[in-house]
Amino acid sequence: MFTTYDSDKRIWSGPQVSPYYHESVSIGRVIYNSLLSDREHIAQISHNNGVIATNGDILDQMLKIACNLKARGFNRNCVIGIMAKNSHLLAPIIFACLSLTIPLHLLHTSLTVEELMCLMKKTRPSIIFCDSKFYDSFKKASKNLKYTFSIVTIDQKLSEVEYIDDYLQEIASGTDVKMEDVNEDTTALILNTSGTTGFPKALKLSHQQILYKILFRHEILGKDIMFLQFFDCAWFCGVMMYIWTTLTRVTRIITTHPFSIEVFFKLMKKYKPDIFFTFPSQVSEILSHMDLHSNALSSLRECIIAGSILSESMYKRFQAFLPNGKIYIDYGLSETCGPVSKYTAGNCSTYSIGKLQPGIQVRIVDDCGTNCPPGKSGEICVKSKFKFLGYYNELELTKELIDEDGWLHTGDGGLIDDQNDLHIIGRIKDIIICCPQNVLPMPIEQLIETHPAVKVACVIGLPHDVYGEIPAAAVIRKKDSYVSDDDIKELVATKLSSQNNLHGGSLFCR
């Protein structure tokens, strides 16, 4: 697969590949057919409780949940929300919603009540599936939302609300699941993202976008391939891997534990997975751990790294511990529905973020809005085969991101060299990328300035070897007032989600 360059228009294009599925086909229909075609395949191993699920198990659970949702009146005019860790029943819930073509809002488990309310005001989910530990957050949010919604707990029964077992009951005939057609405007998933500006937003992805991106297969697919998954479904990579492993018949190993170096090596030793998806900050932890030895990662045949930039030196160090595997570096945004480009040794002439992926066009734009030639830097602008649906009920914010010609402005500075390899050189927009989430200075600054002792605050990103950047605040106190570094850190930690924490501390200026 090759990148081509139009020297007249100064636009680069990835390979032109036709969609694998007809544009009217939903993700739910494809998942249904994949599960049905090989019912005995082991689809999922849940590390926490040892539950091993076949395709047939997941298919039966998916259909029961879908029938129960349909019987209760939920349809594609509704939105369904999920806030949950990677439990063994999460896949059937996701797949049930997709089979009914009901938009699915996937909510990060780190969201504060205020952030939760902000997102739910936009999408207004009619029903929420959540772990029991998040029930109180939704209960608090409901007091300030001007509509009612149902709650179903997944992991533990609570007396106040429905339990997932209620949705796993057989339903009388007449409520069979019909796989409806979709079009380019049909929303499949809604992801909460900071995007490149503002408070949390609800990003829409279509069935067509996802199915086009999901099936560019890696080299090693085949029987008995195992994929290790830490990221839950609210992460773009997490939900995509639930779908991708199902369609490619790769067995996924899931855990409710967040990534930790101890759990990682424990799972590597026990399951010997073939594929692992990770971030540069996690690679740094792996490389510095005492359990790392020449054979510790020998089962890995592919390691996919995304989220932020991996230095060339770290890439080489990590590759040395993968005697049987390759590293793939993905560059992309949730807004582009996955990779814009992909790097692996041998497909590029220099270390970079790789060649453009199928269906992708890129132009590099200077400060005057002019397309740049090879070797000249500017903002990376992207256009995909299928259109970006935008942010849910945020037309103006969508217009800020997508120009009138359909180009998505990433906010990343970069260039494409004369070998058609894409390089990142920094950020254009005012944003901090920390492990590997987008952190926006303005909401943190506004919060700090609510403190009665603060006159003004400015939040910046400090370079960090592991996390890329970490947020830090420069603060001017009001006359005759006092506030400490710990006071400001506590304020931010209690009001905003964890990626906004001031890991770089506060500097007090006169």
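From a predicted model like this one, the values you see are computed outputs, not experimental measurements.
- The ring-ring contact (aromatic ring centres under 6.0 Å, His included) test applied to His423 returns no partner, not counting sequence neighbours.
- Side-chain contact, Gln44 with Tyr242: no donor N or O sits under 3.5 Å from an acceptor N or O.
- Atom CD1 of Ile360 and atom OG of Ser384 lie 3.5 Å apart (nearest 0.5 Å).
- Interatomic distance, CG of Asn500 versus NZ of Lys495, reported as 14.0 Å (0.5 Å rounding).
- Residues Gln208 and Pro19 form no side-chain contact, since every pair of their non-hydrogen atoms from C-beta on lies 4.5 Å or further apart.
- Counting heavy atoms from C-beta outward, Thr3 and Val362 have side chains that stay 4.5 Å or more apart.
- With no hydrogens or angles considered, no side-chain donor-acceptor pair links Asn501 and Ser498 at under 3.5 Å.
- In this structure Tyr343 satisfies the ring-ring contact (aromatic ring centres under 6.0 Å, His included) test together with Tyr315, Tyr351, sequence neighbours excluded.
- Using a 4.5 Å cut-off on side-chain heavy atoms (C-beta onward), Lys213 and Phe386 make no contact.
- Here the straight-line distance linking atom OG of Ser311 with atom NZ of Lys316 works out to 10.0 Å at 0.5 Å rounding.
- Checked by atom type, the side-chain pair Asp6/Ser13 shows no donor-acceptor distance below 3.5 Å.
- Other residues, nucleotides and ligands contribute only 12 or fewer heavy atoms inside 6.0 Å of the CG atom of Asp367.
- Pro358 places a side-chain heavy atom less than 4.5 Å from the side chain of Tyr212.
- Counting heavy atoms from C-beta on, the side chains of Tyr20 and Leu247 never come closer than 4.5 Å.
- Atom CD of Gln319 sits in a crowded spot, with more than 12 heavy atoms from other residues, nucleotides or ligands closer than 6.0 Å.
- Applying the side chain to side chain donor-acceptor pair (under 3.5 Å) rule to His105 yields the partners Thr123; only residues at least two apart in sequence or on another chain are considered.
- Take His464 and apply the ring-ring contact (aromatic ring centres under 6.0 Å, His included) test, not counting sequence neighbours, and it matches Tyr467.
- Residue-environment remark: OH (Tyr32) stays at or below the threshold of 12 foreign heavy atoms within 6.0 Å.
- Using cut-offs of 30° and 60° on the angle between ring planes, the pair Phe279 and Phe277 is perpendicular.
- Scanning for ring-ring contact (aromatic ring centres under 6.0 Å, His included) contacts around Phe259 gives Phe230, Phe264, with sequence neighbours left out.
- The nearest pair of heavy atoms linking Leu502 to Lys489 is O-CE, 3.5 Å.
- Under the side chain to side chain contact (heavy atoms under 4.5 Å, CB included) criterion, Asp181 pairs with Ser24, Arg29, not counting sequence neighbours.
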